[in-house]
Amino acid sequence: MESQYHPRELEPRIQRQWAATKAFAAPDSSPKPKYYCVSMLPYPSGKLHMGHVRNYTINDALYHFMRMKGFNALMPMGWDAFGLPAENAAMANKVAPAKWTRDNIAYMKKQCQAMGWAIDWSREVSTCSPDYYRWNQWFFLRLWEKGVVYKKSGVVNWDPVDMTVLANEQVVDGRGWRTGAVVEKREIPMWYMRITDYADELLDSLGGLGWPEQVKQMQRNWIGRSEGVEFTLPYDAETARRMADGKKGLKVFTTRADTIMGITFAAVAPEHPLATEAATGNPALAAFIEECRKGGVQEAEIATMEKKGMPTGLFVLHPFSADKVEVWVGNYVLMGYGEGAVMAVPGHDERDFAFARKYGLPIRQVIDVDGQPYSLDAWQPWYEMPGRNVNSGSYDGLAQAAAIGAVAKDLEAKGLGTTRVQYRLRDWGISRQRYWGTPIPVVQCAKCGDVAVPDAELPVKLPEDLVPDGSGSPLKKTPSFYETKCPKCGGAAKRDTDTMDTFVDSSWYYMRYASANAATMVDERAQYWMPMDQYIGGIEHAILHLLYARFWTKAMRDLGLIAIDEPFTNLLTQGMVLNHIFSRRTGKGGIEYFAPEELDIVLDAEGKVAGATLKAGGASVDYDGIGTMSKSKRNGVDPQDMIERYGADTARFYVMQASPPTDTVLWSDESVEGSFKFLRRFWTLVHGHVAGGIVARYSAGEITTALTELRFKLHKTIEKVADDYGRRMQFNTAIAAVRELLNLYTAAEDKSPVARAVAQEVLEDAVLLLSPIVPHIATALWSELRPGTDLLDQPWPAVDAAALVQDQVELVVQVNGKLRGHIRVPASANREHIEALALKDEAVQRFVNGQTPKKVVVVPGRLVNVVV
RNA sequence: GCCGGGAUGGCGGAAUUGGUAGACGCACGGGACUCAAAAUCCCGCGGUGGCAACACCAUGGGGGUUCGAUUCCCCCUCCCGGCACCA
């Protein structure tokens, strides 16, 4: 055996062995139970970063652990290869997105292989491959036939200088990131999927999932099911005349129908037909509506902007009192939500209250909360709480639920409204005015309208040689792509030049891994592997990706493609790996990011970042705080240096020992050296033992107290590490436990034959325990400890129950809850015995100081607390 | 603004079901080995007081429940993630 640990020689050799024996290829059927564990597929941004390393090492450790536990385990990998960054890179470097993406994939795949992850590469999926995206198109058409896909208009960010639609990410402080122009809202036709049809099921089936409670809660809140009342505020005569839309009035929805007598005005979105009508002949209002078009569509921006409004001069009638209620235009009312109109009850809604105060509108109290004071001067939290009606005519005295019921009944009697369920969830708009994505398989014919591309003509292939220039999709400028014939009438027609949201790609790739190269979207192999046993990915995907994938799975089920209700049985949400972010405003008002390695960073006395300057040129840049490692912010850290300097095992060990997988971490590589030193020490320990000749591991016989303690520790550690891997998925504590074991092993000086047998047992098992995290060094050490056998064939070590039996246990002794000493008691001691021993303790007597204990709390196996 | 999460020594973190706060590491200090260095090994390492034994304080801040709170409840501060076109 080599006396020194040389990972750079050892790791590639072992990786070649794995590749040669197809060590990680998983069969699609097996007598063993299956274990399907998948990491959210990476976007091929160029290089791996530490977030990826963390994600795939967790996945890999679980793969190895479950394989040792006797499962037919599978860990696949793929590439989320469509998306915006490829277009940005294309603009910056004048290279086609296809080439850029494929080069990145090739490089990142090499990095994955150098990390030694147990990936079954025969199942690799690239979402930009026509073999994959044709099924996006095929499935889209099936959903269209079923009515789950439909077309309507939607609002997007519009850059008036580049004349292009911007992603939310490309809007910085309301301006286009390249042009600095103030962004506007613009309505365009788009394709939608009726995810709201599945809202109830998506909500109800969350309960049975082995997901973190916080993620389930976020999804519940996102779906946002609420029961309320939808009703019409009838137009007054003048408004009815002006609108002439055949409707009786303005439709609104509320969850607070009990406050209906407090309505003092109504508000509509700037795009609402009533606003449009009111603006004719009202230049001030028209100007205000125009003003509301400025700014992007992001909810965070809309929710934090100043609430502004203007009266329309049009009126509706209160459904009960028939009082005239003025309709206002409000910049905070969104056309895309519900009806684009709301009733306003400033007395009991904080936003309405602020709006009414600002514009001098009346505020009326109609709810009393336990007699708490009500004044118009300042908003109080209890104004919004449930209470009893006052100033509400026949509803006075009713509690909230009764009042809502009575109001709904009266509205129904008048034919003005009814109770219904409302969701916060909106249908999924999948059209993108971009190039690098799945083409939408629809032909627009002047005569026949939107016509499906026939299945036989799929896939509609995306041309791969176009280079976007920032002014709209290049597909729109490529007649060879869009010029076609109508499949129905044969006349000249135009393809839809929009592509699909990349969340479509990531909604079902994990089923395609399981049906590698199938001639259909998925086949029976997907049924074998699905539902996935463990899904692992960043917490940032808690809502969108995970909700779309759940919806997609249910839609596939309803088309008979797969017989499961939910895709991901268990979920581990990894915390984000953060790093510092630096940027600079460009002359035009856009924004430009810099990687930390391009900068000289200045720290203040507390070690906080105080500023930074460019290494090249010395210009100072802005510090934007910390945030997730990402390509767009240019703050990712590539593991390559670490692999080259210390090896993949050190990189893997380091990220796993640093923190629990669910914790958010600020990146630092200060202590990588310590991880490398540990692996070197581990190597040296095994080498020291093997140099004296390997022996049979300890099985039975008389041993010293010290060796008994070592074996107790070993078997406790096996138990703990299995629990940490399998149940807790907390790898840092598993590593700490093995370190403790090896510290105790090192402290033993015994070189007798029986001690060497125990040493063999400890070292063999320690190698097995760490092998899921550091498989290369473990493979090498195992072959030294057990020549002729392969680590990958070994089962998880067995716990020797006999080694865990203890005669005596140590208990903590407290007086009034404060630690005062320790006592050793026989493991079989009863409560009275323990109590007596504790009271006899010298430190206890000192603190009890002659007083009679009021109470003695005994927690078996843990502590005694004497209360005086 | 709304939804979800987090805050523990100089640093990463541990304490799994309300039961010893600081496991295991990193950094640092001291020592051994060495001509020297590296590597390795040993010792120390939350704060205050004390020669020491030991005592008191301490888990972002404030309050509460409990024999006992890092853990449960209420209020607050700051940070992170998401908010539907980054993925």
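Naming: A, B, ... by sequence-line order, numbering from 1 per chain.
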Q) How would you label the glycosidic angle of B/rG29: syn (within 90° of 0) or anti? A) anti
Q. Quick one: on RNA chain B, does A/A303 or A/N743 contact a more 5' nucleotide (nearest heavy atom)?
A.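 Its nucleotide being nearer the 5' end, the pick is A/A303.
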Ignoring hydrogens and angles, state whether a donor on the side chain of [X] or [Y] is under 3.5 Å from an acceptor on the partner side chain.
| X | Y | value |
| --- | --- | --- |
| A/Y150 | A/D427 | yes |
| A/E540 | A/T628 | no |
| A/W191 | A/D498 | no |

Q: Could you pull out all residues at least two apart from A/W222 that satisfy ring-ring contact (aromatic ring centres under 6.0 Å, His included)?
A: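 Applying ring-ring contact (aromatic ring centres under 6.0 Å, His included) to A/W222 gives none.
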Please measure how far the [atom1] atom in [N] lies from the corresponding atom in [M], and state the result in whole Å.
| N | M | atom1 | result |
| --- | --- | --- | --- |
| B/rC51 | B/rC35 | P | 41 Å |
| B/rU20 | B/rC74 | P | 24 Å |
| B/rC11 | B/rU77 | P | 24 Å |
| B/rG9 | B/rG29 | C1' | 16 Å |

Q: Report the secondary structure of RNA chain B in dot-bracket form, marking unpaired bases with a dot and bases paired to a different strand with |, and treating Watson-Crick or G-U pairs with both distances under 3.5 Å as paired.
A: (((((((..(((......[....))).(((((.......))))).((((....))))..(((((..]....))))))))))))....
Q) In chain order, what residues pass the side-chain contact (heavy atoms from CB on, under 4.5 Å) check against A/E213, with sequence neighbours excluded? A)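 Here the qualifying residues are A/K216, A/R220.
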For the pair [X] and [Y], name the ring-plane relationship: parallel under 30°, tilted 30 to 60°, perpendicular over 60°.
| X | Y | value |
| --- | --- | --- |
| A/F682 | A/F678 | parallel |
| A/Y548 | A/F503 | tilted |
| A/Y132 | A/W508 | parallel |

Q | Note, A/R728 side chain near A/K720 side chain (heavy atom, < 4.5 Å) | A | yes
Please determine, for the side chain of [X], which listed nucleotide ([options]) has the closest atom?
| X | options | result |
| --- | --- | --- |
| A/A658 | B/rC86, B/rG12, B/rA87 | B/rG12 |
| A/R680 | B/rC56, B/rA87, B/rA39 | B/rA39 |
| A/E540 | B/rG82, B/rA84, B/rC86 | B/rG82 |
| A/N865 | B/rG68, B/rU16, B/rG81 | B/rG68 |
| A/I543 | B/rG82, B/rG25, B/rG13 | B/rG82 |
| A/R846 | B/rC54, B/rU40, B/rC24 | B/rC54 |
| A/M218 | B/rG4, B/rG13, B/rA84 | B/rG4 |
| A/V867 | B/rA15, B/rG13, B/rC67 | B/rC67 |

How is [X] classified with respect to the nucleic acid when contacts are heavy atoms under 4.0 Å: base, sugar-phosphate, or nothing?
| X | value |
| --- | --- |
| A/W428 | nothing |
| A/Q814 | base |
| A/I626 | sugar-phosphate |
| A/K818 | sugar-phosphate |
| A/K633 | nothing |
| A/F653 | nothing |
| A/L863 | base |

Q: Measure from CG on A/L544 to C1' on B/rC83 and round the result to the nearest Å.
A: 8 Å
Q: Send over the distance from A/N331 CG to B/rG1 P, rounded to a whole Å.
A: 16 Å
Suppose we call a contact any N or O donor and acceptor under 3.5 Å apart; does that hold for the side chain of [X] and the base of [N]?
| X | N | value |
| --- | --- | --- |
| A/R727 | B/rU16 | yes |
| A/E299 | B/rG1 | yes |
| A/N221 | B/rC3 | no |

(Q) B/rC2, OP1 or OP2 - any side-chain N/O from A/R424 closer than 4.0 Å? (A)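 So the side-chain polar atoms of A/R424 never come under 4.0 Å of the phosphate oxygens OP1 or OP2 of B/rC2.
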